[in-house]
Number of protein chains: 2
Amino acid sequence: MSDLFPKKGHNHDRCVNTALAQAEKVCADANARFTDMRRKVFTLIWQSHKAVTAYELLDALTAEGMRVQPPTVYRALEFLSDLGLVHRIESLNAYFGCDQPDCDHLGQYFICTQCGRVAEAVNEDMSKAVHKAAGKVGFTIQATSVEIKGQCHDCATH
Amino acid sequence: MSDLFPKKGHNHDRCVNTALAQAEKVCADANARFTDMRRKVFTLIWQSHKAVTAYELLDALTAEGMRVQPPTVYRALEFLSDLGLVHRIESLNAYFGCDQPDCDHLGQYFICTQCGRVAEAVNEDMSKAVHKAAGKVGFTIQATSVEIKGQCHDCATH
DNA sequence: TGTTGAAATGTTATAATATATCATTTTCTG
DNA sequence: CAGAAAATGATATATTATAACATTTCAACA
């Protein structure tokens with residue numbers, strides 16, 4: 001069985017550093033400014049592989065002594081979402097960090113309801129099936145969201 | 001091209017009556033009470049093929065002179081959702097009536113961003129692809145939501 | 001290098017969505 | 001009919017999100 005969710009005890013600093021490096025590059029390529037606030041929010045999101053809500057981020061920022069209001073957080077989230085650096089999980093009203101921001105294939109999000117972690121996977125077969133179904137009924141796709149809730153392998157076996 | 005969204009000018013009373021008959025049956029089979037309030041909310045949802053929010057329903061009930069509070073609407077929605085009579089569109093915080101409540105295959109929702117209508121379709125290929133991907137990574141699926149936004153054929157061609 | 005205009009953030013207020021809790025009413029069952 | 005269970009009413013509040021305007025930052029360029 002292939003891995004999808006990171007192993008317990010993995011080197012998470014590496015995840016964060018990779019994500020930051022990718023984000024730098026994506027922003028540079030897009031001529032977009034990766035400001036302190038945006039970097040801060042991005043880093044907070046990457047503190048775990050779980051999806052976090054805007055108000056959890058707000059609380060985290062406040063806990064660090066920053067006087068931040070909701071719009072600030074939502075703006076950072078919008079910026080990061082627009083560049084594909086984070087994704088919103090509609091069914092959770094929460095956000096998590098994308099580990100393959102360059103990839104624009106139709107993805108799916110696996111959400112573990114037990115540990116809260118989210119993993120993203122590209123699924124060509126699913127993508128094809130969705131586009132085929134859309135084609136059949138003359139539907140022009142603008143955006144697709146596939147959210148799969150259940151138990152990750154770690155949680156199911158421990 | 002097959003139809004998915006109902007034609008303009010279709011006999012909508014027929015949609016409503018069919019849906020009501022199906023709902024009666026589903027409730028009876030589940031030994032669940034299709035009370036006046038639940039029927040009212042269900043009927044309101046079926047006033048169109050669009051997804052409607054809880055507060056739009058609340059406003060509609062109020063407009064008819066009923067003194068209804070949010071919990072009443074949310075309770076009716078929960079009841080109807082649990083029985084599969086309506087579905088929640090996570091990305092819209094809105095609900096629409098299911099026209100095939102008996103079917104428990106993994107479905108997908110096409111959401112027209114122009115006319116607001118929602119159509120549900122069963123997609124075996126997509127379902128297989130999702131389950132296959134889950135199996136590969138040892139993920140146990142509890143629930144799946146596939147929301148596809150774009151333009152329906154009517155809106156794209158008129 | 002100082003000016004300026006656009007972008008980003010700060011600030012205040014409020015809108016929109018959702019649920020917890022307890023009281024009352026209705027319905028079912030014995 | 002009594003009592004229990006289910007449904008709804010009512011009140012309050014939690015959670016999520018955005019509108020609108022003020023201020024600050026920063027990069028481009030005269």
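Sequence lines set the chain letters: A, B, ... in the order given, protein chains first and strands last, and positions in each chain run from 1. What's counted below: heavy atoms across the whole structure, side chains too, no hydrogens, waters or symmetry copies. On a predicted model such as this, the values are computed, not experimentally measured, just so you know.
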Subject >> Contact nearer the 5' end of DNA chain C, comparing B:Arg88 with B:Asn31 >> reply: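 Closer to the 5' end of DNA chain C: B:Arg88.
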Subject >> side-chain contact (heavy atoms from CB on, under 4.5 Å) partners of B:Ala28, counting only residues at least two apart >> reply: none
**OP:** Only counting residues at least two apart or in another chain, list the ones meeting side-chain contact (heavy atoms from CB on, under 4.5 Å) with A:Asn11.
**Re:**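 Partners of A:Asn11 under the side-chain contact (heavy atoms from CB on, under 4.5 Å) test: A:Asp13, A:Arg14.
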Subject >> Sole candidate of A:Leu80, A:Val52, A:Leu58 that passes side-chain contact (heavy atoms from CB on, under 4.5 Å) when paired with A:Val41 >> reply: A:Leu80
So, using salt bridge (charged side-chain N to carboxylate O under 4.0 Å, His left out) as the criterion, who are the partners of [X] when residues are at least two apart?
X: B:Glu24; value: B:Arg39
X: A:Asp3; value: A:Lys7
X: B:Asp154; value: B:Arg117

Donor-acceptor pairs under 3.5 angstrom involving side-chain atoms of residues 128-146 of chain A: please list them, not counting sequence neighbours.
residue, atom, partner, partner atom, Å
A:His131, ND1, A:Ser127, O, 3.0
A:Gln142, OE1, B:Thr113, OG1, 3.1

Original post:
Heavy-atom contacts under 4.0 Å between residues 64-85 of chain B and DNA chain C, which residues?
Top reply: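 Listed by number, they are B:Pro70, B:Pro71, B:Tyr74, B:Arg75.
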Subject >> Contact list for DNA chain C against residues 38-61 of chain A - heavy-atom distance below 4.0 Å >> reply: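 Here the set is A:Arg38.
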Original post:
Can you give the first and last nucleotides of DNA chain D, 5' to 3', that have an atom under 4.0 Å from a heavy atom of chain A?
Top reply: D:dT16 to D:dC26
Original post:
Atom OH of A:Tyr95 and atom CD1 of A:Ile45: how far apart are they, to the nearest 0.5 Å?
Top reply: 8.5 Å
**OP:** Give every residue pair that meets the ring pair (Phe, Tyr, Trp, His ring centres under 6.0 Å) criterion with at least one member in residues 5-32 of chain B, sequence neighbours excluded.
**Re:**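 Those involving residues 5-32 of chain B are B:His10-B:His12, B:His10-B:His49, B:His12-B:His49.
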Original post:
For B:Lys8, what residues pass the side-chain hydrogen bond (donor to acceptor under 3.5 Å, both in side chains) criterion, not counting sequence neighbours?
Top reply: none
**OP:** Side-chain contact test, heavy atoms from C-beta onward, threshold under 4.5 Å: evaluate it for B:Tyr109 versus B:Ile148 and give yes or no.
**Re:**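 Result no, sub-4.5 Å side-chain heavy-atom pair not found.
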Subject >> Side chain proximity check, A:Glu147 to A:Val118, heavy atoms < 4.5 angstrom >> reply: no
Subject >> Segment of DNA chain C, first to last nucleotide, that comes within the 4.0 Å heavy-atom reach of chain B >> reply: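 Nucleotide range in contact with chain B: C:dT17 to C:dT27.
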